[in-house]
Amino acid sequence: MEAVSKLDVEAVRADFPILRRMIGDKPLAYLDSAATSQRPVQVTEAMRRFTEHSNANISRSVHTLGAEATEAYEGARAKVADFIGARSADEVVFTKNSTEAINLVAYAFQNASVKPGADPRFVLRPGDEVVVTEMEHHANLIPWQQLCERTGAKLRWIGITDVGRLDLEQVDEVINEHTKVVSFVHVANLLGTVNPTSQIVARAREVGALVGLDSSQAVPHIPVDVTELGVDFIAFTGHKMLGPTGIGALWAKAELLDAMPPFQTGGSMIETVSMERTTFAKAPAKFEAGTPPIAEAVGLAAAVDYLDKLGMENVRAHEKELAGYMLRRLETVDGLTVIGPRVPIGRGATVSFDLADVHPHDVGQVLDADGIAVRVGHHCAKPTCVRFGVTATTRASGYVYTTTDEIDRLVAALEKVRKVFA
Amino acid sequence: MNLDELYQEVILDHYKRPRGAGLRDPYEGESHQVNPTCGDEITLRVHVDGDKVADISYENVGCSISKASASVMYELINGVSVEEALAKTAEFTALMNSKGQGKADEESLEDAIAFEGVSKYPMRVKCALLGWMAFKDALVRAEAATPAGGND
Ligand SMILES: Cc1ncc(COP(=O)(O)O)c(C=O)c1O
């Protein structure tokens, strides 16, 4: 049975002032939420209130503002932890974005590999293997590629089928007794595919590898429960989930955070320091060197509150309907080929396509003239483009505030593109 | 935004029927240029004969602006003197970097004046300049490859 959306999209839209913006004489149709989402007034307001009322550095002073700031920052951590089903707030490390969260893990391997006595699970040697997929965003590819280059380990990947899904038949071969870590994309940003996780996680466990997810496109759009997923770490980013830029998070099992060497070092991450040596604070502080993005954490907490109030099951149902509508309507455009799953099952409301070989930059430009914002290019997923024989795609992506009317405008404008370039 | 200003008939025509496309011999200099933001690519060869640009040949993939610009460039500077080709390259580059303020000289730039509107779209200026950058680079390579001081 189709889940029926319980989102009141018009009420949601009222919370996003930017959606009332005009582009020239056309109302904005923002179909680029997979790149960055828009922010509701609740988020901007929470950040403004913090800045005007409680701004101070955290954990460093006994004054009232310092205490309020610390409480706000740690409160945000607890809220984010709760949102993803973490056992404890201490399992959430705030970072700058997903990219930094993934690098933090990759560098834990690298640093452990050159440190005598490091936890052997993080030590990589020639002969060891690291596994990703062919549908990664560069953020979950290049850190591992670099790690392999520096340690002599081998990078391997699970391929993509012609319909844009992971080729699960390769799992048992690609993940094997040499595998030390598997890091794969939860929801793919170019294809829109929602990857099934259980088989890969089970296989990683079977061979004793660590396993994590790039959940950048998952946490904003579907209910995510790290305990249920059974993984070791996930990375996600605030600006794709109604929050501000400048903040993201790594969730990892407490026991692993304890075993991982720090990434960046400096202030706020120490226990004791002398001129000769330093001992480190416990996680998450161990991984948060320097002054963190405090107001941004407050904004992220407000975004989590907002999503919680909508209910992630409702968000998922809304986007499932939207994905179905997008696919149905887009397929009516002559010469349009969807790149990625063509049925609204196991996929989100992010749809990439090719339009009669018109270059995506030209598509995007004509759409912009109608006030429609889509993303064009390789979407930081060049290997995926190569897999489907394109240099770039046009990508429309929806979120909680996206209406079917906006999709209709997109389809009408695509017809115009065909006329201009036919 | 006014679409007609960007996608003028002349531009669409050059895009649909590019002049001088394809890689040819002989050539002394070759350049490969990429625009990483949208994946436009061009490989361009220059054949210099004496002080003349005797042939420009190219193969490219990309958006209408980058493809049309290479075609317009071919028409404008193929067969002219190296000095004049460089002068026109400088003139076109300055027009593109004018942020919509520049006024194109039709006498000198011919079809390339259709790109005047492109200079208002910072995201597209790179597309319009890709072929011209390849030309300049290929010319430098051609000069490096040919013995210096020759008069013929
Ligand atoms: C799947 C995926 N992973 C990682 C990222 C990187 O996110 P950020 O740029 O916030 O680090 C993105 C966003 O573009 C993404 O879509």
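We use all heavy atoms of the structure for the numbers below, so side chains are in, but hydrogens, waters and symmetry mates are not.
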More than 12 heavy atoms of other residues, nucleotides or ligands under 6.0 Å from NZ of A/K96: is that the case? no
Please indicate whether B/M133 has more than 12 foreign heavy atoms, meaning atoms of other residues, nucleotides or ligands, lying under 6.0 Å from its CE. yes
A quick test of your reading: do over 12 heavy atoms of other residues, nucleotides or ligands sit less than 6.0 Å from CD of A/E331? yes
More than 12 foreign heavy atoms under 6.0 Å from CZ of A/R418: is that the case here? yes
Which atom names give the shortest non-hydrogen contact between B/R124 and A/H361, and what distance separates them? NH1-O, 3.5 Å
Indicate the atoms forming the closest heavy-atom contact of B/L12 with A/F421, along with that distance. CD2-CE2, 3.5 Å
B/K67 versus chain A, the contacting section by heavy-atom distance below 4.5 Å: neither
I want to check something: taking the side chain as every heavy atom from C-beta on, are A/H359 and B/S64 in contact at a cut-off of under 4.5 Å? no
Would you say B/K136 has more than 12 foreign heavy atoms packed within less than 6.0 Å of its NZ? no
side-chain hydrogen bond (donor to acceptor under 3.5 Å, both in side chains) between B/Y7 and A/D362: does it pass, once the steps are laid out? CA-CA 9 Å; B/Y7 293 120; A/D362 292 320; 2.8 Å; yes
Is there a side-chain contact between A/Q365 and B/L6, using heavy atoms and a 4.5 Å cut-off? yes
Relative to chain B, which segment of A/V420 carries a heavy atom at a distance below 4.5 Å: side chain, backbone, both, or neither? both
Just checking B/E106: does its CD atom have more than 12 heavy atoms from other residues, nucleotides or ligands closer to it than 6.0 angstrom? no
